[in-house]
Amino acid sequence: YDGMDDADKVGLQFVFPAYLLILTMTVIVVCHYCLQRSPTASTSSCLHRLPIIIGERAVGVLSTLIYLSYSKLLRNVIDIFTYSTIHLPSGHMYVWFYDGNVKFLDGKHVVLFAIAVVTCTLFLLPYTLALTFIPNIERYSEHNRLFNYLHKKANQIKPMNDAHYAPYKGEWRWWLGARLWLVVVMYTLNPVYSSDKPSLLLT
């Protein structure tokens, strides 16, 4: 729309992934609710099998959307956290790296910063840690009480875990978490080398 600036564009980048995730999760919840409402239906009937089929497919779709959205959301968050320093005769001023007209943590950038912090806290960090440590938790769950407890918790989302790790053989399941950390490192280093003297809030 007319008058859209860089802050508006970055903010809108969060809308589409959130819309897809909410839509897919809604389908899963509705299918689960339909199965609970009709427990006496014949397992061979179409009305009983349809929610099962849709629900199973939706879990795989949700896992794929989460994985594909990870890089996009991470890039948006790093863009929001990145700032530059403008040196003035009277001192210095911090501005948003991608729009020097926007002061860092001022105006629209405060809203973007809050969204980025929530995204990191509720999605990026838990998702990265989960995919990094779940293979080890499964491997050592029989020998460690804490890992056994975490393994039981991870089994509550087993369909999603299976969808994530399905392409990898057992001994290579750690590679999925390693790939996420490589993405984090590459996306974090990108602003550093795109300017002479940028500053990163993450470092």
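These figures come from a predicted structure and were not determined experimentally.
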Identified side chain to side chain contact (heavy atoms under 4.5 Å, CB included) partner of W96 from the options D106, L105, L112: L112
Approximate separation, where rounding is to 0.5 Å, of S84 OG and H92 NE2: 13.0 Å
R75 CZ to T188 OG1 distance, which is reported to the nearest 0.5 Å: 10.5 Å
Worked verdict on F123 versus L74 for side chain to side chain contact (heavy atoms under 4.5 Å, CB included): CA-CA 10 Å; F123 174 63; L74 177 64; over 6 Å; no
Ring centre gap for F104 and Y83 strictly below 6.0 Å: yes
Worked verdict on T128 versus Y70 for side chain to side chain contact (heavy atoms under 4.5 Å, CB included): CA-CA 9 Å; T128 305; Y70 179 88; 2.6 Å; yes
Linking I/L/V/M/F/W/Y whenever their side-chain heavy atoms sit closer than 4.5 Å, directly or via other members, would [X] and [Y] fall into one cluster?
X: L68; Y: V77; result: no
X: L182; Y: L176; result: yes
X: L12; Y: I22; result: no
X: I115; Y: Y19; result: yes
X: F113; Y: V118; result: no

Side-chain touch [X]/[Y], heavy atoms, less than 4.5 angstrom:
X: S71; Y: Y187; result: yes
X: L180; Y: Y127; result: yes
X: Y67; Y: R179; result: yes

Distance-minimising heavy-atom pair for A116 and F81: CB-CE2, 3.7 Å
Heavy-atom closest contact (V95 atom, G100 atom, distance): CG1-O, 3.6 Å
Test side chain to side chain contact (heavy atoms under 4.5 Å, CB included) applied to D79 and Q13, step by step: CA-CA 11 Å; D79 287 350; Q13 296 297 319; over 6 Å; no
Residues W174, L131; criterion side chain to side chain contact (heavy atoms under 4.5 Å, CB included); working and verdict: CA-CA 8 Å; W174 60 269; L131 293 188; over 6 Å; no
N-O pairing of D5 and K9 below 4.0 Å: no
Residue list, side-chain contact (heavy atoms from CB on, under 4.5 Å) with S69, at least two apart or on another chain: P17, L73
Residues which pass side-chain contact (heavy atoms from CB on, under 4.5 Å) with V110, listed by chain and number, not counting sequence neighbours: none
Any donor-acceptor N/O pair, H109 side chain to V102 backbone, under 3.5 Å: no
Side-chain H-bond candidate by donor/acceptor type, T132 with W181, under 3.5 Å: yes
Heavy-atom neighbours of M186 CE exceed 12 at 6.0 Å: no
